[in-house]
Amino acid sequence: MPGLKTIKSIQASLAKWYQQEKRDLPWRDTQDPYRILVSEFMLQQTQVKTVIPYYQRWIKSFPTAKILARAHEASVLKHWEGLGYYSRARNLHRAAKMIVKEFQGRVPDTWDEILKLPGVGRYTAGAVLSIAFNRNVPVLDGNVKRVLSRLFCIRENGSNPASENRLWQVAEKLVPSGAPGDFNQALMELGATGCLPQKPLCLLCPLNAVCRAKRDGVQAQFPPKKIKTAAKKIEVSAAVIQRNGKTYIQQRPQKGLMGGLWEFPGGKMEKGESPEKCLEREIMEELGVQVTIKKKIMTIKHSYTQFRVTLHVFICGLKQGRIHTTCCDQWKWVSLKNINQYPFPAANVKILKYLNLNSHIGHTNKS
Ligand code: SF4
């Protein structure tokens, strides 16, 4: 653990650097705990530049927890469309409802209470309490883990609870009693903009005089690498089934991956199967109908945390049978004009874009 003198030096250097170098970000203009909570939900696993437009749109539509609590889930998910990890959107929606029901519309300002909100873990609690309420609590995200590991040559990467705990203890030691929010943001900012994973900008770093990894020239060894498992590759076929100028869409079950989002039907290719055969089989299994495949419109490559998906997309018509499905929460025939109101996963948004650009496809097939 660092000594008091080192801690004081780190606090002072970081505070000065942060005042001069901090990026102008929309959630830094406010002390409103709800807005800070929204930004922290969005920033989990997502980069700042991706989050900014989503945050601005969100605050325009849902400026308070009360307004968010009253919103329909479809609208909430639509605002999150493309940001990924949709459980964050559903949790934020549920958290807003809890804030209204149990905390009189105010984001709770104590550790025990804020942790009761759905989707709020140790990191989000620390960020909101320190930034919005000036509470003397630490934060530990991926950026902070990297900075701390290098600063003190700690051989921990937070890949298991014991390792994570050790880093939390160090972070806790460092937080000053005055302006903890600025200090925490400064640590995260340094990790995001200076203490980069590949080539840390040590010459410009405010902590270079006390950094042990810099002193020993071993920055690349910290934090120790996590053992990565290779992402699984899967091939999927999807059908844009059209009838009388409308398109079939279905809603994924609420529980599970991308729950509550809408999608085009389809499924995983089996060994030795062609994309077309896969599509015919999946549609028969899932919807109980035969389709006529009219044309392939695109191949989409999309990455999820554990999968690399290749998605083959076909325009289809209905050949035989009536749709009866149990694989989804609900299904609809919608016009192209209305389809954009529904929240879709990112890969399906690419199909929507194609359909919007080629809108004649939806109106000429009267199958
Ligand atoms: S001196 Fe280099 S390695 Fe150390 S904290 Fe600063 S940027 Fe990171």
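Every heavy atom of this structure was used, including side-chain atoms; hydrogens, water molecules and symmetry mates were not. Remember, it's 1-based here, ligands and their atoms both numbered in the order they're listed.
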Protein residue, atom and distance nearest to atom 8 (Fe) of ligand 1, heavy-atom basis: C195 SG, 2.4 Å
Protein contact of atom 6 (Fe) of ligand 1 - nearest heavy atom, named by residue and atom, plus distance: C205 SG, 2.4 Å
Ligand 1 contacted by L207 (non-hydrogen, < 4.0 Å): no
Test item: side-chain donor near acceptor, Q185 and R28, under 3.5 Å: yes
Between S159 and N157, a side-chain donor and acceptor under 3.5 Å: yes
Sub-4.0 Å atoms of ligand 1 with respect to non-hydrogen atoms of N208: 1 (S)
E270/R281 salt bridge by N-O under 4.0 Å criterion: yes
Nearest neighbour in protein (non-hydrogen) for atom 2 (Fe) of ligand 1: C202 SG, 2.3 Å
N, O or S of C211 under 2.8 Å from atom 4 (Fe) of ligand 1: yes
Distance filter under 4.0 Å to Q219 heavy atoms, resulting ligand 1 atoms: 3 (S)
Heavy-atom side-chain contact between Q242 and I315 under 4.5 Å: yes
Per-atom contacts, ligand 1 versus K214 - under 4.0 Å to a heavy atom: 1 (S)
Flag for K296-T299: side-chain donor and acceptor within less than 3.5 Å: yes
F183 ring center near Y18 ring center (under 6.0 Å): no
